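One structure is given below, encoded as structure tokens.
Everything numeric in this text was worked out from a predicted model, so none of it was measured. Position 1 is the first residue of the sequence, and the numbers go up from there. All heavy atoms count here, side chains included; hydrogens, waters and symmetry mates do not.
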Amino acid sequence: NMTTMMHVTQAALPHLELADEGASIVNLASLAGRSGGHSGSLAYSMTKGAVLTWTRSLAAELGEHGIRVNAVAPGLILGTRFHDQHTTTESANVTIKGIPLGRADNSDDVARTITFLASEYDGFISGATIDVNGGIYRMKAQGVVPRWRGHACVGDMIKSDTIRPPLICAPARAGHKAQILISDAN
């Protein structure tokens, strides 16, 4: 994971530095790099964690050249060579049940995110990792287990120093999306 990424970056860097209006590098990390992965995935998880650090460090070094560096961290993407080889059907089903959006990623989810980060529309994001995993990383990282069905009130789910209640929450009505207003407490 790291060796190839380093070689490709080194080969591309002279060309990226010549771009008149900046350039972009998008690295492919993984949910495993953030969460530590499952038992038996030590080497994979470790190298994907290194991709996250590489991304932040490279963003700091290349910013002065107008080069943005970001990463995308997908979760479970069924139908890939990796998951076909290393993920059992039972494990995939358990993982999907824990994903707040109720499904696995697909390659289009990841491709759209990479396209955005590589485009001119992303002119000021650098050093970031975008989680493309249906919300499972946030849930695992915060130790939060959703307890409601049919309601949008998430006030006690927010465990952040920057986003805190008060929240105005309304139940989700049949056929409508939940309504949530998050207001800064300052």
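Applying the under-4.5 Å side-chain rule to Ile, Leu, Val, Met, Phe, Trp and Tyr, the cluster around Leu42 consists of that residue alone.
Taking Ser91 as the reference, Thr87, Thr88, Thr95 meet the side-chain contact (heavy atoms from CB on, under 4.5 Å) condition, with sequence neighbours excluded. Listed by chain and residue number, nothing satisfies the side-chain contact (heavy atoms from CB on, under 4.5 Å) test with Asp84 (two or more places apart in sequence, or in another chain). For Ala128, the side-chain contact (heavy atoms from CB on, under 4.5 Å) test picks out Asn70, Ile125, with sequence neighbours left out. For Thr89, the side-chain contact (heavy atoms from CB on, under 4.5 Å) partners at least two apart in sequence or on another chain are Asn93.
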Contacts under 3.5 angstrom, residues 72-82 side chains, donor-acceptor by atom type, not counting sequence neighbours:
residue, atom, partner, partner atom, Å
Thr80, OG1, Ile77, O, 3.1
Thr80, OG1, His83, N, 3.3

Report, one line per pair, each donor and acceptor closer than 3.5 Å where one atom sits in a side chain of residues 45-60; sequence neighbours left out.
residue, atom, partner, partner atom, Å
Ser45, OG, Gly36, O, 3.0
Ser45, OG, Ser41, O, 2.9
Ser45, OG, Ser41, OG, 3.1
Thr47, OG1, Asn1, ND2, 2.6
Thr47, OG1, Ala43, O, 3.2
Thr47, OG1, Tyr44, O, 3.0
Lys48, NZ, Leu28, O, 3.0
Thr53, OG1, Arg56, NH2, 3.3
Thr55, OG1, Asn27, ND2, 2.9
Thr55, OG1, Val51, O, 2.8
Arg56, NH1, Leu52, O, 3.4
Ser57, OG, Thr53, O, 3.1

Could you list the donor-acceptor pairs under 3.5 angstrom formed by side chains in residues 14-22, with sequence neighbours left out?
none

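Annotation: salt bridge (charged side-chain N to carboxylate O under 4.0 Å, His left out) contacts involving residues 25-37, sequence neighbours excluded, comprise Arg34-Asp131. A salt bridge (charged side-chain N to carboxylate O under 4.0 Å, His left out) check over residues 61-73, counting only residues at least two apart or in different chains, returns the pairs Arg68-Asp122.
Between Ile130 atom CD1 and Leu117 atom CG the span is 5.5 Å, to the nearest 0.5 Å. Here the CG atom belonging to Asp108 is positioned 10.5 Å from the OG1 atom belonging to Thr113, to the nearest 0.5 angstrom.
A single hydrophobic cluster is seen to contain both Leu31 and Ile99, as judged by linkage of ILVMFWY side chains at heavy-atom distances under 4.5 Å, directly or through other members. Met5 is connected to Val69 through a chain of hydrophobic side-chain contacts under 4.5 Å among Ile, Leu, Val, Met, Phe, Trp and Tyr, so both are in one cluster. Under the 4.5 Å side-chain heavy-atom criterion for ILVMFWY residues, a single connected hydrophobic cluster contains both Met2 and Leu13.
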